[in-house]
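Structure incoming, see below.
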Amino acid sequence: MSRRTALAAVMALSAGLALAGCSSDGEPSSPELKVSGAFMPQPVNDMAAGFLTVHNSGGAADKLTSVTSAISDVVTIHESKNQTMQKAESFDVPADGELDLERGGSHIMFMELKQKPQQGQKVAVELHFEKSGPIKVELPVKEPTYNPEKN
Ligand code: CU
């Protein structure tokens with residue numbers, strides 16, 4: 001048996017094992033969500049944006065469908081296209097992947113702010129998903145130009 005054939009055999013075997021592992025418990029795999037890197041740049045008018053990353057370590061995809069917060073009754077999710085922002089119905093959170101809301105891209109949009117959060121404060125939001133239960137997140141308010149480096 002050549003080295004290449006042996007490797008292929010091992011890979012076929014482990015793929016078979018993984019499949020067996022998934023189907024043996026009889027439950028469909030579900031999304032496993034975790035949020036990191038959340039922040040809100042200090043708003044300069046009555047609108048604010050929120051950024052964060054939703055990690056999904058589960059074997060099933062999910063969708064971010066809406067966001068709610070006490071600071072605004074008008075919270076939407078936006079994607080940026082051709083220098084303009086557009087409301088999105090939902091954002092995919094892929095299985096074993098992540099949804100990145102970052103500056104210049106997709107974001108949470110807070111309009112008609114009831115109060116203007118200041119740097120150093122935290123803004124509580126609740127993320128709603130198609131499958132997973134809601135997740136509460138606190139967005140630390142940063143300086144207006146804040147843009148973290150991604151590792
Ligand atoms: Cu926007």
Side-chain angles (χ1 to χ4, degrees), residues 11-12 14-151:
M11 285 171 68
S14 54
L17 284 175
L19 277 178
C22 278
S23 54
S24 64
D25 60 7
E27 279 181 34
S29 52
S30 54
E32 293 283 336
L33 305 185
K34 217 174 76 185
V35 176
S36 72
F39 71 95
M40 170 185 285
Q42 183 176 306
V44 293
N45 49 31
D46 71 339
M47 293 194 291
F51 303 95
L52 48 82
T53 302
V54 182
H55 305 266
N56 183 359
S57 59
D62 207 339
K63 280 178 195 234
L64 176 66
T65 52
S66 68
V67 180
T68 50
S69 173
I71 66 160
S72 166
D73 291 331
V74 192
V75 186
T76 48
I77 48 179
H78 275 182
E79 50 194 353
S80 298
K81 268 185 190 166
N82 307 324
Q83 315 279 6
T84 61
M85 309 191 293
Q86 236 166 58
K87 189 175 181 296
E89 286 309 311
S90 65
F91 285 135
D92 290 334
V93 189
D96 283 316
E98 59 188 40
L99 164 66
D100 251 323
L101 304 183
E102 54 189 355
R103 296 200 82 135
S106 302
H107 53 276
I108 304 166
M109 194 90 204
F110 306 79
M111 296 195 214
E112 299 170 29
L113 293 177
K114 297 176 188 174
Q115 76 229 27
K116 237 189 218 176
Q118 301 295 311
Q119 196 174 327
Q121 295 179 332
K122 285 184 175 172
V123 173
V125 304
E126 195 166 88
L127 310 178
H128 302 267
F129 298 92
E130 185 181 66
K131 294 176 188 157
S132 306
I135 299 179
K136 287 191 162 93
V137 187
E138 293 208 314
L139 278 53
V141 181
K142 304 288 193 178
E143 69 266 20
T145 54
Y146 183 75
N147 194 6
E149 294 276 339
K150 296 264 171 174
N151 301 311

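Every number for a ligand or one of its atoms is a count from 1 in the order of the listing.
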Among N, O or S atoms, H78 approaches the Cu ion (ligand 1) most closely through ND1

For the pair H78 and H107, name the ring-plane relationship: parallel under 30°, tilted 30 to 60°, perpendicular over 60°. perpendicular

Taking the Cu ion (ligand 1) as the apex, M85 SD and H107 NE2 span an angle, rounded to 10°, of 90°

When every non-hydrogen atom of D62 is compared with those of N56, the smallest separation belongs to N-ND2, 4.2 Å

State whether S80 contributes an N/O/S atom found under 2.8 Å from the Cu ion (ligand 1).
-> no

* Would one find more than 12 heavy atoms of other residues, nucleotides or ligands at under 6.0 Å from atom NZ of K81? -> no

| task | Please tell me if the side chains of F51 and N147 come closer than 4.5 Å, counting only heavy atoms from C-beta onward. | result | no

Taking N, O or S atoms only and a limit of 2.8 Å, check whether M109 reaches the Cu ion (ligand 1). yes

